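In each ligand, atom 1 is the first atom listed, and ligand 1 is the first ligand listed. This structure is a prediction, so every number in the text was calculated from the model and none was measured. The first residue of the sequence shown is numbered 1, and numbering continues consecutively from there.
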Amino acid sequence: MNSSQALIISSDSFGVGVHCSIRGGLHNAFHEAESLGIDTFQVFTKNQRQWKEKIIDTEEKSRFLDSYKTSRVKMIFSHASYLINLASNDDALWERSASALIHETQRCHDLGLEFTVVHPGAAKELGEQEGIKMVVKALKIVLHKTKKFPVKILLENTAGQGSSIGYRFEHLKQIMDGVDSSRIGMCFDTCHAFAAGYDIRTKGGFEATMEELDNIVGLKNLHVIHMNDSKGESGSHLDRHEHIGKGKLGLEPFRQIMNRFAHIPKVIETPKKENMDAVNLEVIRGLIH
Ligand SMILES: [Zn+2]
Ligand SMILES: [Zn+2]
């Protein structure tokens, strides 16, 4: 790593968290966080598979903010809807996507969240370069319309499934340069990176990938790491998350992250079934030297 940033363990360090459910109300995420003993989590601020927007009412807002104040949670991320496609050449879908991200940003602001994570989008027949231009155009509008609530938008690297862009660090860099705003940052997903062809299974492979990330995007722009093992092989472009240590990634990349990126919040996004969140947390916590 040519930048010293990667190795500095800031006094503000974060453990590993999970994606928490908001079933029964947004504040319920804090109950789940407490039972798992985590200081970081991610939520959907509304039903992520529907376009219908949700306005946070005063009561829900104050319940959430009260829970935040009294909990030991230090950092919460929102993950924007999976329906959003900022790279679309379908005008209606593109506009709807920008509008949805504006609403997401508003909700984050209402809930006191600093960041929302979004996938750049799928370019379809438009092609990657034109798709990237559409993303830049959309983000500029979103940032302009949300000047009053300066939530940061984190672009997540993708597995490169279908025509999705963002599977190369260069795509994210191009978007960031095009938008040119301190409100745009990055989320690194281990499963997506591996499926996209960044072989992070070994210490050497992990270091080389982080060096590349630093050279292209800059580690100072990395605000969260998604900790997911991968069902697919390196370069498979398969976006299928597996429980930690049960997939093709193994434990080494998670060991590297836990010991070298203590200053970056981390979130596990593996299928929520039975007590698997607790199991995954225990596996990852056991990797800290
Ligand atoms: Zn994601
Ligand atoms: Zn992710």
Side-chain angles (χ1 to χ4, degrees), residues 14 16-22 29 38 40-50 75-87 97 100-101 104-105 107-108 113-122 135 138-139 151-169 171-172 175 184-198 200 209-210 213 217 221-232 234 236-244 246-249 253-254 257 261 264-272 276-277 280-281 284:
F14 298 89
V16 60
V18 304
H19 186 104
C20 287
S21 166
I22 56 159
I38 55 179
T40 306
F41 66 79
Q42 180 176 277
V43 283
F44 295 121
T45 64
K46 59 157 220 170
N47 185 327
Q48 83 281 12
R49 298 191 188 279
Q50 290 178 11
M75 185 66 84
I76 307 168
F77 296 89
S78 110
H79 194 298
S81 168
Y82 291 135
L83 301 176
I84 291 177
N85 185 2
L86 303 174
S97 298
L101 192 53
E104 185 64 39
T105 309
R107 279 191 298 274
C108 287
L113 311 190
E114 209 180 322
F115 302 101
T116 183
V117 175
V118 68
H119 299 185
V135 178
L139 286 173
V151 169
K152 289 198 172 75
I153 297 169
L154 305 182
L155 303 168
E156 180 170 1
N157 65 310
T158 65
Q161 70 280 25
S163 63
S164 66
I165 52 180
Y167 62 92
R168 295 291 312 170
F169 299 151
H171 297 170
L172 304 180
I175 297 169
I184 304 289
M186 188 203 168
C187 160
F188 177 81
D189 186 303
T190 53
C191 166
H192 298 175
F194 182 64
Y198 293 102
I200 55 173
T209 299
M210 285 301 126
L213 181 64
V217 176
N221 295 308
L222 174 64
H223 295 282
V224 59
I225 299 176
H226 284 170
M227 307 279 269
N228 304 306
D229 206 332
S230 172
K231 279 193 199 287
S234 174
S236 64
H237 298 292
L238 201 64
D239 181 6
R240 297 278 306 281
H241 300 181
E242 181 56 285
H243 296 293
I244 307 300
K246 303 278 185 219
K248 307 287 184 202
L249 267 178
F254 304 108
I257 291 166
F261 289 84
I264 306 273
K266 296 159 279 282
V267 175
I268 300 171
E269 297 176 302
T270 52
K272 288 181 92 69
M276 283 313 291
D277 277 343
N280 286 316
L281 285 168
I284 287 190

Are His19 and Phe44 near enough that their ring centres are under 6.0 Å apart?
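So the answer is yes for these two rings.
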With side chains defined as the heavy atoms from C-beta onward, is the minimum distance between Lys266 and Thr40 less than 4.5 Å?
no
Using salt bridge (charged side-chain N to carboxylate O under 4.0 Å, His left out) as the criterion, list what pairs up with [X], not counting sequence neighbours.
{"X": "Lys231", "value": "Glu242"}
{"X": "Lys272", "value": "Glu32, Asp277"}
{"X": "Asp239", "value": "none"}

List nothing but the number: protein N/O/S atoms under 2.8 Å from the Zn ion (ligand 2).
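Count of protein N, O, S atoms less than 2.8 Å from the Zn ion (ligand 2): 4.
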Among side-chain atoms of Gln42 and His79, is any donor-acceptor pair under 3.5 angstrom?
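Gln42 vs His79: no donor-acceptor pair found between side chains.
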